[in-house]
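This one's a predicted model, so the numbers in the text were calculated from it and none came from an experiment.
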Amino acid sequence: MPDANVRIPEEAKDRLAAIAAAEGLSLRAYLARLAETMLTPAERAERAEKARAALKEWNGYAPTRSEQDDLDSELDRRLARVTAR
């Protein structure tokens with residue numbers, strides 16, 4: 001497979017290279033691994049739907065769209081509080 005060139009700010013490249021080196025990887029290997037392990041938005045949505053279906057089948061849990069939005073907002077609020085520290 002041929003390599004591709006990606007233009008990013010030098011600071012971002014340096015940071016990614018440092019992260020890769022700390023894990024004993026080249027930047028190329030680190031980015032390839034990252035691409036293999038990250039999910040696309042469509043893949044995340046598919047997994048979420050499968051999880052919802054499994055929960056509904058297992059214990060009847062089936063939140064409405066409004067309940068899901070409320071839960072998402074609560075999670076966002078809690079994450080913001082933790083990351084602000």
Original post:
If every non-hydrogen atom of Ser26 is compared with every non-hydrogen atom of Ala20, which pair is closest and at what distance?
Top reply: O-CB, 3.7 Å

**OP:** For Arg15 and Glu11, run salt bridge (Lys or Arg N to Asp or Glu O under 4.0 Å): C-alpha distance rounded to whole Å, both residues' side-chain angles, the deciding distance at 0.1 Å, then the answer.
**Re:** CA-CA 6 Å; Arg15 180 172 171 77; Glu11 298 81 22; over 6 Å; no

Original post:
Which residue pairs pass the side-chain hydrogen bond (donor to acceptor under 3.5 Å, both in side chains) test with at least one member in residues 31-40, sequence neighbours excluded?
Top reply: Glu23-Arg33, Thr40-Glu43

Which atom pairs, one a donor and one an acceptor, fall under 3.5 Å between side chains of residues 53-60 and the rest of the protein, sequence neighbours left out?
from  : atom 1 : to    : atom 2 : distance (Å)
Asn59 : OD1    : Tyr61 : N      : 2.9

Subject >> Set of residues satisfying salt bridge (Lys or Arg N to Asp or Glu O under 4.0 Å) with respect to Glu49, sequence neighbours excluded >> reply: Arg52

Subject >> Results of salt bridge (Lys or Arg N to Asp or Glu O under 4.0 Å) for Arg28 - residues two or more places apart only >> reply: Asp3

**OP:** Applying side-chain contact (heavy atoms from CB on, under 4.5 Å), name anything that partners Leu16, two or more places apart in sequence or on another chain.
**Re:** Ile8, Leu27, Tyr30, Leu31

Original post:
Residues in side-chain hydrogen bond (donor to acceptor under 3.5 Å, both in side chains) with Arg65, at least two apart?
Top reply: Gln68, Asp69

Original post:
To the nearest 0.5 Å, what is the distance between CG (Leu71) and CG (Asp76)?
Top reply: 11.0 Å

**OP:** Could you walk me through whether Arg47 and Arg44 pass the side-chain contact (heavy atoms from CB on, under 4.5 Å) test, one step at a time?
**Re:** CA-CA 5 Å; Arg47 285 193 179 184; Arg44 284 194 305 275; 5.8 Å; no

Original post:
With the threshold set at 4.0 Å, does a side-chain nitrogen-carboxylate oxygen contact exist between Arg78 and Glu74?
Top reply: yes

